[in-house]
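In what follows, a single structure is set out as structure tokens and then discussed.
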Amino acid sequence: MLRPVAMKKIRVVTLKEFKDDAVKKLHTLGVVQIIEHEKTEEENLKFMPADPVLKETSEQLRGLNAILEVYKEVKPEHSESILKRFLNPAPPKEIDFGALKEANKKEIIGRAGKIRAEVEEEIGEPLKQYRETEKEITGLELSKEDLERIKDLDIELRYVGEGSRIHASVGTCPEEALDAIIADLEEITSGSYYFDKAEITKEGKEEEKEYACIFTCFNEHAEELSARLRRVGFEKIEVKGFEKKPKEEIKAREQKIEEKGREREELKKILAENAERREGDFLTYRESLRAIEERANIQRNFVETERAFSLTGWVPAEKEEEVLKEINSASEGLCVMDAVSPEPDEEKVPILLKNPKFFKSFELFTKLYGIPRYGGIDPTIPFTITFIFFSAFMLGDAIYGLICAILGILLLKGAGKYNGTMKDFSIIFISFGVASFVMGALTGGWLGDLFTDRHFYIDVLNTPPLLIADQLGDVLLFLIFSIIIGIIHINVGILMSKYESRHNIKDFIGGDLWFLVAEIGFIPLFMNYMSYGTWFRHDTPCLIGVGVLAISFALLLFARKGMSLFAITGFLGDTLSYARLMALGLCTYGIALAINVLAALSYGIAYIGIIAAALIFVIGHLVNFVLQVLGSFVHGLRLHYVEFFSKFYITGDYEDEYKPFELKIKT
Amino acid sequence: MEPTMGLGYAALGAGIALGLAGAGTAIGLGFSGVAGTGIISEDPRKFGNVLVWNALPQTQMIYGFLMAILIMLGAGLLGGTPREISDTDGLIALGAGIVVGVTGLSGIGQGSICGGGAIASAKRPEVFGQSLVLAVLAETPAIFGVVIAVLMLLSIGFL
Amino acid sequence: MDVLVFVLVAALAAVVFFVPLYLLRITPIIYATAVVKMKESRLIDDKKYDELVSSDLEDFPSFFENTDYGKYITEPTYENIERGLLLHEKDLDYEIFDLVPKDLSGVFDYLIKKWDVANLRRVLGGLHAGMPVEEVKEGLVEAGYMYDSIQELSERDMEEVVSALEGTPYDIRAGLEEYKATRNFSFIDLLLKKRMFERVVEEAIWSREKKLKTFNDYLQVLADSLDLNAMLRGKAGRVGADEIRRFLMKFDVDREYEESKDVDEFLVRLKETRYSYLVVDVGEGLDLMELERKIEEQVLRKAKDISTAEAFGLGPVISFLAMKEAEIRNIRLIAKLKEEGVSPEKIREFLLIL
């Protein structure tokens with residue numbers, strides 16, 4: 001529980017004829033992390049190549065996926081709204097393998113190929129036409145865009161281009177280029193040209209004006225003009241193939257686009273109908289093929305001889321027997337398996353965390369910081385307890401907590417049903433919400449001072465035994481409480497690290513032991529201060545205290561040497577950091593109070609007072625809620641990551657996380 | 001009771017404490033926030049990581065808030081009856097506020113480090129812990145500031 | 001007393017106001033840095049290269065499926081892969097260009113102009129090799145500022161194209177004569193590159209931003225490598241010092257150039273000049289293509305070095321671009337060699353790992 005799961009390294013040797021069955025069983029069992037077999041110098045042992053069916057499987061898979069992509073494209077749109085996705089999502093598609101479960105891989109591949117060929121025949125034509133229609137529509141729209149720019153020119157486009165004597169071009173240019181264009185036209189054609197322009201109306205933009213223009217000239221001047229005019233800013237537009245005036249052509253195009261659009265919808269329907277019929281089967285085959293592909297690939301990790309093969313991997317110690325059973329059943333008992341525990345300093349042991357159900361939801365926070373080392377501490381359980389406590393303390397409002405808990409429950413019944421991460425979040429929210437409710441009740445935070453000072457004074461909420469301490473009134477008390485909690489938390493961290501290093505004298509004495517000793521040394525001095533008002537008196541307890549302090553100083557020098565001063569300031573900082581527990585709690589209360597004040601004030605305004613007050617109240621508390629919940633989470637995390645984890649938690653490599661060879665079904 | 005200048009100075013101190021420290025945090029968050037948006041534009045899954053890094057520069061603001069509360073408490077501005085405070089005492093309270101406020105500007109530096117740390121740990125998750133240590137070192141000035149401020153408040157009986 | 005307090009508050013306000021203004025100048029580049037660093041983390045590492053080198057061309061599409069190249073490499077043929085890499089590079093260049101803060105976009109313009117040059121090269125190269133117009137057009141990449149006009153140019157002949165480019169930044173009339181005389185495409189090629197480079201340097205110098213120090217260092221390296229390539233080609237083609245000068249940006253090794261009788265001797269003498277860092281591990285008897293490859297490797301290495309010195313700023317962006325270019329180069333090389341049936345061990349030798 002407080003450690004990652006114990007692993008064992010297993011090696012299995014059996015005959016090749018049982019390979020398929022063994023691999024299939026292991027895949028389904030899904031607890032072995034198969035790793036590459038150690039390289040060996042033996043002559044007879046070679047690494048197994050991938051299963052020959054891999055190539056065909058991959059090819060079929062690609063084909064299936066391509067068709068599934070088409071299906072996804074043509075499906076009628078009915079995506080769920082975000083709200084619905086969280087609160088009441090549709091269940092994921094069930095994949096029923098049916099007969100395929102027992103079939104062997106060659107059969108499955110064969111049948112997949114067949115069904116694919118069938119569908120390719122069915123939708124081949126419509127799909128081609130669909131794509132063509134789409135292309136046509138795009139082409140039409142592009143040409144329409146061009147036409148739009150010159151639509152204010154009132155000329156028939158069939159005259160544009162090269163004629164027997166005269167050449168005409170249309171295009172656009174910015175306002176500032178006009179003079180240069182006219183100058184060039186004058187110069188090159190010596191006045192034998194025609195030029196006209198029409199302003200392009202742009203919506204709303206205040207930028208430079210643009211003009212659609214047309215110019216005509218004699219053929220001999222055409223080329224030079226084109227080159228010149230392009231340089232000064234005339235952008236030519238190709239209008240080959242257009243006959244009528246731009247506005248008319250645009251209309252014609254729009255009609256055609258609509259027509260083609262209708263055609264496309266028809267084709268889409270045909271494809272969608274096919275999708276409806278076939279998609280289920282396709283998904284099933286795809287998953288089967290994926291499984292085959294994974295199994296075909298995994299055997300590259302095995303070594304083989306002529307008739308036998310060996311695989312090696314890691315398995316959680318408690319699953320060892322199950323694996324043995326499966327292998328035995330696959331090989332009719334003709335197998336050998338041995339399992340060893342890892343060496344003390346063995347690297348690359350897979351890491352799997354195992355925490356009881358409730359705590360498991362908080363593992364994602366642990367993993368965010370880093371994954372535990374194999375054999376090290378898994379801090380999830382102590383983390384969860386203090387995290388909930390701290391965050392709830394920092395939210396400190398009963399009604400906010402209640403809302404959070406309700407949201408959590410909604411999420412649990414909604415997205416949490418099918419999505420593991422959502423379920424984790426919902427559990428986190430619920431526990432956080434409930435804890436905050438308790439904290440808020442104990443400290444008199446019900447939407448700030450709504451029920452304590454304002455119009456809605458409720459007696460029971462304001463007196464002990466419910467109210468232990470008032471957030472605003474007993475600020476110093478809260479501060480001291482927070483600091484004390486901080487010191488305790490830090491001590492827990494140090495104690496955990498000392499427990500871990502208990503076998504290694506040097507590590508035990510070093511590290512942060514000096515802090516624990518210093519605290520012990522302080523006790524008599526502190527008691528003295530409480531009783532007599534001064535820290536030191538010449539009597540035995542104080543002398544002992546000073547002596548212990550001296551020892552702790554020596555330990556500090558031993559552990560940190562040059563950095564000793566920074567160690568002291570570091571601890572000072574760590575302790576002060578916990579003051580944020582009180583600060584954030586007070587923050588929630590303070591802002592809620594301010595909102596209440598504002599709402600009360602606006603209530604007095606004539607006529608709209610009640611609406612204004614309601615708006616301010618609701619929106620204000622909503623925003624405060626979001627900010628404070630976020631803040632509580634983040635600062636709660638921060639306290640653990642920086643002040644707590646740094647004392648004892650040593651992380652491992654993310655890469656070493658446990659990745660078993662298992663069958664995962666995607667929908 | 002007669003409102004004294006001292007009370008005014010104390011209030012000024014409270015304002016400066018949170019005002020400057022808050023500015024430090026805000027500017028610092030500008031850096032780490034920009035880096036954060038850059039990261040999640042490439043990989044939205046890193047949001048949790050980015051969120052943690054954006055929490056770090058907020059320490060200075062919290063210290064500022066804390067100091068403001070303590071000063072107001074000591075001056076009696078929080079909870080009903082403002083005390084009569086001599087000019088000297090008021091100025092000392094002002095000093096306490098200033099030291100926390102100005103050291104709170106360390107939030108700017110910490111924000112830059114957090115921006116870099118967010119980028120580094122998003123690229124290579126192994127350096128998360130180490131970058132965290134670096135970022136937290138930047139809080140040292142603020143810590144010293146709070147200590148001095150508390151000592152000052154103690155000396156005039158605010159605490 | 002009150003005045004004192006007022007002054008104090010004013011001073012503090014000033015501090016808060018002006019200090020961040022100064023720091024705010026680096027904020028725009030932080031976003032770009034963050035994005036680029038994330039992209040960097042997705043570059044192919046040693047282990048993946050091993051995997052790629054030992055798999056077949058057939059497996060390329062599925063190998064790249066979940067990477068950034070996924071939607072570009074769809075078929076296991078060299079043509080498809082090469083085209084895919086080109087398109088990917090184009091999209092990336094446009095993306096980085098959009099990321100960079102606007103006041104530096106004049107400098108990073110070269111990411112876009114690079115494609116004008118590439119397209120022009122395609123057109124001119126196609127004309128030189130007598131490629132049919134359709135084929136030339138297929139090889140063009142829809143990018144760059146002058147794409148439309150270049151598309152048109154693909155239907156003309158060499159003279160027309162060169163005269164059309166008159167007045168544009170890519171005026172290569174100077175090389176046309178030599179080309180017509182010797183039919184050596186290098187003359188056109190080198191001039192194109194030089195022209196593009198001149199524009200970039202112009203922009204960078206104009207900006208005069210302190211931030212551009214890294215970029216200017218990088219430009220210097222690029223300029224040196226371009227000149228070096230030109231000189232090597234010149235030497236191999238027995239071009240005189242006076243003629244080759246036209247194709248260079250800086251020609252301060254003219255004596256070494258004149259006096260060496262062949263490429264190998266030139267290389268030896270270069271190791272005494274400031275170009276030594278580019279030819280540092282070049283041996284003897286290599287042909288031009290290999291030489292150019294080695295020099296290109298050095299440029300990429302230097303680019304990565306220059307920029308890892310800077311944590312925020314243009315450094316990471318340039319460094320990333322260099323690493324990406326090396327990666328694309330590697331993938332193309334692996335694909336080509338696989339098509340020719342070269343063994344994985346041999347292929348590994350050619351890879352450039354930064």
Side-chain angles (χ1 to χ4, degrees), chain A residues 364-365 367-371 394 421 425 470-476 478-480 482-483 563 565-566 568-584 586-587 590 630-643 645-646 649-657, chain B residues 18 21 45-74 78-80 100 106 114 117 121 124-150 153 158-159:
Chain A
L364 55 86
F365 285 130
K367 288 202 195 146
L368 182 60
Y369 181 80
I371 199 170
M394 286 195 269
T421 319
F425 272 122
D470 180 25
Q471 285 197 34
L472 209 48
D474 303 316
V475 172
L476 272 178
F478 274 91
L479 181 57
I480 297 176
S482 308
I483 304 281
M563 298 286 285
L565 180 63
F566 287 107
I568 300 183
T569 57
F571 266 88
L572 198 57
D574 286 347
T575 321
L576 270 178
S577 215
Y578 284 87
R580 74 183 66 218
L581 288 175
M582 161 260 183
L584 265 99
L586 190 55
C587 234
L630 200 60
S632 305
F633 268 113
V634 163
H635 283 284
L637 268 185
R638 175 248 140 82
L639 277 177
H640 283 85
Y641 286 172
V642 178
E643 276 82 26
F645 279 179
S646 56
Y649 185 31
I650 309 177
T651 51
D653 216 339
Y654 273 122
E655 279 196 0
D656 292 335
E657 199 172 350
Chain B
L18 184 55
R45 291 172 306 172
K46 300 281 181 198
F47 183 62
N49 182 12
V50 163
L51 205 54
V52 171
W53 286 104
N54 276 279
L56 287 173
Q58 293 180 5
T59 317
Q60 279 78 357
M61 174 189 69
I62 293 177
Y63 289 164
F65 178 71
L66 195 66
M67 193 46 53
I69 296 275
L70 289 179
I71 293 179
M72 285 167 64
L73 210 58
L78 204 62
V100 171
S106 64
C114 287
S121 66
R124 271 171 162 263
E126 310 92 69
V127 301
F128 184 77
Q130 297 164 324
S131 319
L132 208 55
V133 170
L134 286 179
V136 166
L137 280 178
E139 275 177 26
T140 335
I143 297 173
F144 278 108
V146 171
V147 171
I148 294 295
V150 165
L153 289 186
F158 266 35
L159 282 183

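Put simply, the side chain of B:Leu66 reaches to within 4.5 Å of the side chain of A:Met582, judged on heavy atoms. Considering only heavy atoms from C-beta on, B:Ile69 stays 4.5 Å or farther from A:Leu479 through its side chain. The shortest distance between side-chain heavy atoms of A:Leu576 and B:Val147 falls below 4.5 Å. Side-chain contact between A:Val634 and B:Val52 is absent, with no heavy-atom pair separated by less than 4.5 Å.
With a 4.5 Å cut-off on non-hydrogen atoms, B:Leu51 touches chain A through its backbone and its side chain both. With a threshold of 4.5 angstrom between heavy atoms, A:Phe365 does not approach chain B through any atom at all. Looking at A:Leu584, only its side chain comes within 4.5 Å of chain B, counting heavy atoms on both sides. The parts of A:Arg580 that come within reach of chain B are both its backbone and its side chain, each placing non-hydrogen atoms under 4.5 angstrom from that chain.
Near-neighbour residues of residues 58-65 of chain B relative to chain A, defined by a heavy atom under 4.5 Å from a heavy atom of that chain, comprise B:Gln58, B:Thr59, B:Ile62, B:Tyr63, B:Phe65. Proximity to chain A among residues 135-142 of chain B is limited to B:Val136, B:Glu139, B:Thr140, judged by heavy-atom separations below 4.5 angstrom.
Top candidate by heavy-atom pairs under 4.5 Å with chain B, chosen from A:Ser646, A:Gly590, A:Cys587, A:Gly570, is A:Cys587.
From A:Thr569, atom OG1 reaches atom CD1 of B:Ile143 across 7.0 Å, with rounding to the nearest 0.5 Å.
Around the OH atom of A:Tyr654, the shell of radius 6.0 Å holds more than 12 heavy atoms that belong to other residues, nucleotides or ligands. Within a 6.0 Å sphere centred on CZ of A:Phe425, other residues, nucleotides and ligands contribute 12 heavy atoms or fewer. Remark: A:Phe571 CZ is packed, more than 12 non-hydrogen atoms of other residues, nucleotides or ligands lying under 6.0 Å away.
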